[in-house]
K.L.:
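Sharing a structure with you now.
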Amino acid sequence: MVLLLCSIIIIVYVVFYYINVRKYPPGPLPLPIIGNLYHLNPDSVHEYVHKIGKDYGHCLTLFLPKPIVFFTHYDTIKEALVTQGEKFAGRSHLPPETLFQKTENTGLLISDGDVWREQRRTSLRIMRDMGMGNNLMEAQINRCVDEMLYQLNETNDGVSPFDMNMPIQLCIGNVINETLFGYHFKYSDTAKFDYFKDCLAKHLQNMKDNFYLYIVQAWPWTKHLPIIGDKGYKEPQANVVQYHQFIEDEVDAIAKMHDADHEPTNFVESYLQEMKKNPELTMEQLYAIAVDFWMAGMETTSTTIRWGVLYLMKNPDKQEKIRAELLSVVGRDRRLAMSDKPRLPYFVAAIAEIQRVANMLPFLFFHRCTEATVIGGHPIPKDTLTYPYVYSVLKDDEVFEEPDQFMPERFLEADEKTFNKKTLERMVAFGLGKRQCVGESLARIEMFLVLGTLLLNFRLEPTEPIDLEPVFGQVLNPKPFKCRVAPL
Ligand code: HEM
């Protein structure tokens with residue numbers, strides 16, 4: 001009798017499970033409870049999604065074990081994020097996303113609705129007022145580039161294998177620190193910087209290797225269970241508290257000294273002034289935004305530049321071509337300036353190509369669909385979690401011939417001066433639509449000034465075989481490497 005009852009319950013469960021599966025766009029067959037997890041190799045999930053995208057018309061579902069809909073072509077992504085952008089601006093409010101902040105619906109990355117709109121609008125206005133894209137921002141970034149040059153000249157002999165990781169990370173971390181708090185770390189005194197960077201890295205690593213997170217994501221009540229709840233929720237939450245403290249201390253120190261009658265000189269001061277006029281802006285939100293800027297701005301930009309160093313060493317002819325262009329425009333007697341950009345088409349194309357070929361952000365944050373709709377002819381139920389899979393767009397061989405090859409020329413017309421509109425339009429590394437990267441202008445200036453200054457001052461040469469296979473994680477990182485950074 002018990003056996004019969006159990007069998008009936010299982011059969012009913014399985015029937016309802018597959019009825020539910022049919023509500024979503026097609027995909028490989030999921031199994032009850034584990035969904036498609038049995039299809040995945042944890043180290044190459046990104047390649048698997050890319051491979052099956054075409055088979056399912058670029059709109060497919062994977063049950064992980066929660067149903068996740070992937071848009072894997074520019075057209076389906078644009079339809080969702082631009083044409084129907086308002087419906088796809090939601091976030092999941094589930095782990096692992098909620099485990100990036102101390103409090104739910106704070107900051108920019110994990111929040112949505114009116115809270116997110118207000119914080120995003122304010123942050124963009126402050127960044128604009130601070131001179132995003134003009135001389136003020138350029139001067140600030142140049143101070144951090146100078147610190148990097150100083151570090152390189154002091155610690156690198158120009159012959160022995162040298163690890164570029166720290167100078168690049170410190171430079172990019174310094175740009176964010178200058179933007180938020182108005183100061184940067186000297187290369188000789190980085191204990192505080194290292195501590196914070198390591199806390200963040202530990203957290204990201206923990207998210208990558210944590211199977212319990214998937215369980216808590218699919219069945220949030222499990223966060224109250226022993227072991228699953230501890231590993232999949234409480235321990236990562238403790239990490240968040242640790243790195244939040246660093247940011248809160250920095251913000252509090254500025255708030256204590258803040259003089260509202262003075263012109264603000266950094267993001268935190270500007271936000272504190274705005275708080276007086278707008279009750280939606282709070283200290284809790286300010287802490288969360290500062291954490292987001294560190295989280296979203298540090299690893300992304302510094303990893304792109306490290307990929308850049310690798311690809312330029314792998315393609316020495318292209319490295320020389322960029323250097324020749326830089327030297328013909330800038331010469332040896334002055335520093336590179338943003339005003340040089342219109343006369344450096346090959347270098348600008350090479351930066352776009354580094355971002356495209358590095359393709360380092362397969363999985364970012366979910367876009368929750370806040371209203372039932374149809375994308376690419378497939379119904380998307382309300383509250384479905386979706387991923388605009390930019391990774392596949394940047395690897396689309398119909399637009400980017402031989403996508404694994406490093407070819408800056410693909411972003412230029414035959415005259416090598418005019419930009420190719422089609423390829424440039426598809427270079428969507430900063431996302432699309434309402435949640436497009438807030439730090440895009442900043443990142444573009446950073447990549448231009450840091451890479452350009454490096455190439456004007458040093459020749460980058462391999463001292464070991466170049467390995468372009470990425471390490472899978474929240475960000476696809478190059479494996480640790482050393483190289484010769486030879487002064488010119
Ligand atoms: C090469 C460097 C960078 C890349 C490739 C990049 C890429 C992206 C992408 C693809 C998104 C969209 C995520 C989505 O669709 O949900 C995003 C969002 C975001 N980025 Fe960036 N990013 C970079 C640098 C930066 C920098 C320097 C900052 C700030 C200092 C920053 C801050 C943010 C924030 C706050 C968001 C969330 C926006 C929102 O949800 O409204 N990013 N980034």
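Numbers here simply count residues along the sequence, with the first being 1. Just so you know, ligand 1 is whichever comes first in the structure, and atom 1 is the first atom listed for that ligand. Since we're looking at a predicted model, the values are computed, not measured.
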K.L.:
Below 4.0 Å, non-hydrogen atoms only: which portion of Ala429 touches ligand 1? Side chain, backbone, both or neither.
P.N.:
backbone
K.L.:
Any nitrogen or oxygen of Arg91, side chain or backbone, less than 3.5 Å from one on ligand 1?
P.N.:
yes
K.L.:
Among all protein non-hydrogen atoms, which one is nearest to atom 26 (C) of ligand 1, and what is the separation to 0.1 Å?
P.N.:
Gly297 CA, 3.3 Å
K.L.:
Atoms of ligand 1 less than 4.0 Å from Ala443 heavy atoms?
P.N.:
2 (C), 24 (C)
K.L.:
For Glu47 and Tyr391, test the side chains for any donor-to-acceptor distance below 3.5 angstrom and give the result as yes or no.
P.N.:
yes
K.L.:
List the closest protein heavy-atom neighbour of atom 35 (C) of ligand 1: residue, atom name, distance to the nearest 0.1 Å.
P.N.:
Leu108 CD1, 3.7 Å
K.L.:
State the atoms of ligand 1, each with its element, that fall below the 4.0 Å cut-off from a heavy-atom position in Leu361.
P.N.:
5 (C), 7 (C)
K.L.:
State the atoms of ligand 1, each with its element, that fall below the 4.0 Å cut-off from a heavy-atom position in Arg120.
P.N.:
38 (C), 39 (C), 41 (O)
K.L.:
Nearest heavy atom to atom 23 (C) of ligand 1 wins, so pick from Thr300, Val438, Asp112.
P.N.:
Thr300
K.L.:
When Arg410 is tested against each of Glu353, Glu402, Glu401 for salt bridge (Lys or Arg N to Asp or Glu O under 4.0 Å), which residue passes?
P.N.:
Glu353
K.L.:
Within ligand 1, which atoms have a heavy atom of Gly431 less than 4.0 Å away?
P.N.:
10 (C)
K.L.:
Would you kindly say whether Gln119 and Ser111 are connected by a side-chain donor-acceptor distance under 3.5 Å?
P.N.:
no
K.L.:
Please check if the side chain of Thr282 supplies one atom and the backbone of Gln285 the other of a donor-acceptor pair under 3.5 Å.
P.N.:
yes
K.L.:
Of the protein's non-hydrogen atoms, which lies at the shortest distance from atom 32 (C) of ligand 1, and what is that distance?
P.N.:
Ala296 CB, 3.4 Å
K.L.:
Only heavy atoms of Leu364, strictly under 4.0 Å: list the atoms of ligand 1 that pass.
P.N.:
9 (C), 10 (C), 11 (C), 13 (C)
K.L.:
Looking only at heavy atoms, is any part of Arg435 under 4.0 Å from ligand 1, and if so is it the side chain, the backbone, or both, or is it neither?
P.N.:
both
K.L.:
Name all pairs fulfilling the ring-ring contact (aromatic ring centres under 6.0 Å, His included) condition that reach into residues 99-126, sequence neighbours left out, sorted by first residue then second.
P.N.:
Phe100-His203, Phe100-Phe365
K.L.:
What part of His367, side chain, backbone, both or neither, has a heavy atom within less than 4.0 angstrom of ligand 1?
P.N.:
side chain
K.L.:
Does Lys78, at its NZ atom, have more than 12 non-hydrogen atoms belonging to other residues, nucleotides or ligands within less than 6.0 Å?
P.N.:
no
K.L.:
Could you establish whether Trp116 and ligand 1 come within less than 4.0 Å of each other, counting only heavy atoms on the residue side?
P.N.:
yes
K.L.:
Counting from 1, what ligand 1 atoms have a heavy atom of Leu109 closer than 4.0 Å?
P.N.:
36 (C), 37 (C)
K.L.:
Return the closest protein heavy atom for atom 20 (N) of ligand 1 as residue, atom name and distance.
P.N.:
Cys437 SG, 3.2 Å
K.L.:
What atoms of ligand 1 come closer than 4.0 angstrom to any heavy atom of Thr304?
P.N.:
1 (C)
K.L.:
Let's go through Phe71 and Tyr387 carefully: what are the C-alpha distance in whole Å and the side-chain angles of both, what is the deciding distance for ring pair (Phe, Tyr, Trp, His ring centres under 6.0 Å) to 0.1 Å, and is it a yes or a no?
P.N.:
CA-CA 6 Å; Phe71 306 126; Tyr387 259 131; over 10 Å; no
K.L.:
Taking 4.0 angstrom as the limit and counting only heavy atoms of Gln355, give me the atoms of ligand 1 inside it, by number and element.
P.N.:
1 (C), 5 (C)
K.L.:
So, Trp294 versus Phe196, ring centres under 6.0 angstrom or not?
P.N.:
yes
K.L.:
Can you check whether Phe162 and Phe458 have ring centres sitting under 6.0 Å from each other?
P.N.:
no
K.L.:
What part of Arg444, side chain from CB on, backbone N/CA/C/O, both or neither, has a heavy atom under 4.0 Å from ligand 1?
P.N.:
neither
K.L.:
Can you tell if the side chain of Ile380 reaches within under 4.5 Å of the side chain of Cys59, non-hydrogen atoms only?
P.N.:
yes
K.L.:
How about Gln319 and Asn315: does a side-chain donor come under 3.5 Å of a side-chain acceptor?
P.N.:
no
K.L.:
Would you find more than 12 non-hydrogen atoms of other residues, nucleotides or ligands less than 6.0 Å from Lys421 atom NZ?
P.N.:
no
K.L.:
Counting non-hydrogen protein atoms only, what is the nearest one to atom 29 (C) of ligand 1? Give residue, atom name and distance.
P.N.:
Gly439 CA, 3.9 Å
